[in-house]
Q: 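Provided herewith is a single structure, encoded as structure tokens, for subsequent inquiry.
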Amino acid sequence: MSTADSATQSTTPRSAFRVDSLAIGMIVMLAMTVLGRGIGFIRGMAFCRLMDDTDVGRWSMAFGFITLITPVMLLGIPGVLPRFTEHFRLKRSLTPFVRRIATGTLACTTIFVTTMLWLPDWFGWIVFLQPQDNRLIYGVAGAVVGMIVYNFISDLNGSLRQVRMVSCMQFMQGVGFTLLSVAWLLTGGTFTGVVWMFAASCLVASIPGLWSLVRSWDSAQILQVSEEESSSPAADKTRPSDDVSFGLWNMIRRLAPYATALWLMNLIGNLFELSDRYMILHFIPATETLSAEIAGQAAVGQYHSGRIIPMLLLSLGTMIGGVMLPYLSADWEAKRFAAVQTRLRDALLAVSIVFTCGSAMAILLGPWIFNVLLQGRYTDGMTLMPMALCFCTWAALVTVGQNYLWTVEKGKWVPVAMAAGLLSNLALNAWLLPMYGLQGAVIATLCSHGVVMSGVWLAMIGCGYKVDMTLVVLSLLPVSLLVSPYVALLLAIAIGLMVWNDDATRQRWLESLPDKVRSKLMPLG
């Protein structure tokens, strides 16, 4: 791993472009993410205290819609950046490739936002199950635009392996949204303003990423000697599809299967993410004091509170997966096929161990968080949190593991696994929600996440991923959270020590670290 990373970091007189090594990128990203998500946790607590559970539920639905519709209405077009930027950079076609992706993204955004502004009442019913003030829908449209701009610039920086800049953008967006939204609520602002604060924070956080691209764009297109050799037509005669001329239709034929699979994954995955909340809205009955719509929104607010910490873990897993894909793609393009599986296996094992430890600590702190910070207003959320931590850890593992399928361009199996999970989630929610309420919704979601994880693992194995006992252990470890947080913590620590005592794994992990860090840890080995 370190050899590949150091090779990509080296420069020649012809090029000033430098990429972050995976080890350095991960360290910076994790540090910034932990700090940023800590601020996000504070924001979540503030939202639960400054808004009633109905408005918390409305924010959960609005944010869920924004994250659902953004990749879906873009048809998966900008999603090809992390996988194919390196490919077209080696083909000396980076600028036309990015220009065409940006044009398609802009066209899709214009069409969708125009439709939202034209039919605000209809979108109000879609998002909130009842018509809303048009100003709220306009705010949601603005948030969609802000998120698209932010994601495009972030994905392009990430695909060029500028991980430190991506981490900076994510930190700025999280901190900016927290400061703006909490200040707005403290001064008596309405829920609509919170949505506009999200849009503003996305645009502000995009500025440093755009500056980084402008500064390094010319140098990024100059290939190093080792890159020229690996991209030479004579370097590998077994992959003639890479040697086609670069034209619009050639690019479309190459990217369309990948973009279609990605679009389906985003559509089904986000429907899967939202399905339990919509089922809660429809299946929670009215009470003596609340209508069915208001009771459903309040129940979603309780559900949202129990997922604050689990969703922090899932977002961290999503970031890890997003950071890894360009590096796995670079290894694949350089014909380092064994390195792809080795990096992925190490990452999956580390995610399972660290996330299980973090989840166990969150469960132990749960009573203080819900009784003190949330003033005892979200008791249902505390009850469901262990199961939510388990299925969010599984989802994080899937997010990292599916990178193998995208790297080998077999991503079509990801939406298949997601579809199986969605169908099982709908069926189980319809069965369990009327009987067990919110507890039934969480049980259904837990089981359906297990279906998705099993489907992705089977697809990876079918596409050449070498399975071993590690995959079984890292999949079952989060289940220990349902037994006891103490049991989960002890098991995670024991497995971590066993991994560290394996000479090959320890040496590989140490070599992936920067020299200064490695020199300090070597005595521990």
Q: Is it true that, when you exclude Trp457 itself, more than 12 heavy atoms of the residues, nucleotides or ligands shown sit nearer than 6.0 Å to its CH2?
A: yes

Q: May I ask you to test the Trp394-Leu446 pair for a side-chain heavy-atom distance under 4.5 Å?
A: yes

Q: Are the side chain of Asn425 and the backbone N or O of Gly421 linked by a donor-acceptor pair below 3.5 Å?
A: no

Q: So do Leu344 and Met460 actually touch side chain to side chain, heavy atoms under 4.5 Å?
A: yes

Q: Could you check whether any side-chain N or O of Ser352 sits under 3.5 Å from a backbone N or O of Leu349, counting only pairs where one atom can act as donor and the other as acceptor?
A: no

Q: Just how far is it from atom CG of Leu325 to atom CZ of Arg161, taken to the nearest 0.5 Å?
A: 11.5 Å

Q: Hey, could you give me the CG/CZ distance between Leu262 and Arg83, rounded to the nearest 0.5 Å?
A: 12.5 Å

Q: I need the minimum non-hydrogen distance between Leu213 and Leu160, along with the two atoms involved.
A: CD2-CD1, 4.0 Å

Q: If you compare all heavy atoms of Trp263 against all heavy atoms of Gly76, which two are closest, and at what distance to 0.1 Å?
A: CD1-N, 3.7 Å

Q: Show me the side-chain donor-acceptor pairs of residues 63-73 shorter than 3.5 Å, one per line, residues at least two apart or across chains.
A:
residue: Thr67; atom: OG1; partner: Phe63; partner atom: O; Å: 3.1
residue: Thr67; atom: OG1; partner: Gly64; partner atom: O; Å: 3.0
residue: Thr70; atom: OG1; partner: Ile66; partner atom: O; Å: 2.6

Q: Enter the distance from Cys168:SG to Gln162:CD here, rounded to the nearest 0.5 Å.
A: 12.5 Å

Q: Give a yes or no answer on whether the side chain of Ser448 reaches the backbone of Thr445 with a donor-acceptor pair at less than 3.5 Å.
A: yes

Q: State whether the side chain of Asp155 and the backbone N or O of Leu81 hold a donor-acceptor pair below 3.5 Å, judged by distance alone.
A: no

Q: Apply side-chain contact (heavy atoms from CB on, under 4.5 Å) to the pair Trp122 and Thr115, showing each step before the final yes or no.
A: CA-CA 10 Å; Trp122 186 78; Thr115 305; over 6 Å; no

Q: What closest approach, in Å, do Ser475 and Met453 show between heavy atoms, and which atom pair accounts for it?
A: CB-CE, 3.9 Å

Q: Any non-hydrogen side-chain atom of Leu328 less than 4.5 Å from a side-chain atom of Trp332?
A: no

Q: Any Lys/Arg nitrogen of Arg254 or Glu409 sitting under 4.0 Å from an Asp/Glu carboxylate oxygen of the other?
A: yes

Q: Is it true that Phe97 and Phe84 have ring centroids separated by less than 6.0 Å?
A: no

Q: Is the backbone N or O of Tyr150 less than 3.5 Å from a side-chain atom of Ser154, with the two atoms forming a donor-acceptor pair by type?
A: no

Q: Centroid-to-centroid, Tyr258 to Trp406, below 6.0 Å?
A: yes

Q: Kindly say whether Ser329 contributes a backbone atom to a donor-acceptor pair with the side chain of Glu86 at under 3.5 angstrom?
A: no

Q: Test your reading of the model: is there a side-chain donor-acceptor pair from Ser201 to the backbone of Phe198, 3.5 Å cut-off?
A: yes

Q: Kindly determine whether Trp211 and Ile207 satisfy side-chain contact (heavy atoms from CB on, under 4.5 Å), including the steps that lead there.
A: CA-CA 6 Å; Trp211 171 78; Ile207 296 175; 5.6 Å; no

Q: Can you find a pair of side-chain heavy atoms, one from Ser167 and one from Arg164, that are under 4.5 Å apart?
A: no

Q: To the closest 0.5 Å, what do you measure between NE2 (His449) and SG (Cys392)?
A: 6.0 Å

Q: Locate the shortest heavy-atom distance separating Cys463 from Trp413; write the atom from each residue and the value.
A: SG-CD1, 4.0 Å

Q: Mind checking what makes side chain to side chain contact (heavy atoms under 4.5 Å, CB included) contact with Val452, not counting sequence neighbours?
A: Phe272, Val398, Met418, Val456

Q: Closest heavy-atom contact between Val194 and Phe177?
A: O-CE1, 3.5 Å

Q: Ring centres under 6.0 Å, that's the criterion: do Phe112 and Phe123 meet it?
A: yes

Q: Distance-only, no hydrogens or angles: does the Thr342 side chain make a donor-acceptor pair with backbone N or O of Ala339 under 3.5 Å?
A: no

Q: Any donor and acceptor pair, going by atom type alone, linking the side chain of Asn157 with main-chain N or O of Val166 inside 3.5 Å?
A: no

Q: So, does Arg100 use its side chain to make a donor-acceptor pair with the main chain of Ile252 at under 3.5 Å?
A: no

Q: Measuring only between side-chain heavy atoms, which start at C-beta, is Leu316 closer than 4.5 Å to Phe355?
A: yes

Q: Is any side-chain heavy atom of Ile101 closer than 4.5 Å to a side-chain heavy atom of Phe152?
A: yes

Q: Give, for atom CD of Gln173 and atom CG of Leu203, the distance between the pair rounded to the nearest 0.5 Å.
A: 10.0 Å

Q: Apply side-chain contact (heavy atoms from CB on, under 4.5 Å) to the pair Trp217 and Thr95, showing each step before the final yes or no.
A: CA-CA 9 Å; Trp217 190 254; Thr95 296; 3.1 Å; yes

Q: Where do Ala396 and Leu314 come nearest, in terms of heavy atoms and distance?
A: N-CD1, 3.7 Å

Q: Within the structure provided, determine whether Arg345 and Tyr465 are in side-chain contact (heavy-atom separation under 4.5 Å).
A: yes

Q: Got a second to check how far Arg336's CZ is from Arg343's CZ, nearest 0.5 Å?
A: 7.0 Å

Q: Between Asn403 and Tyr327, is there a side-chain heavy-atom distance shorter than 4.5 Å?
A: no

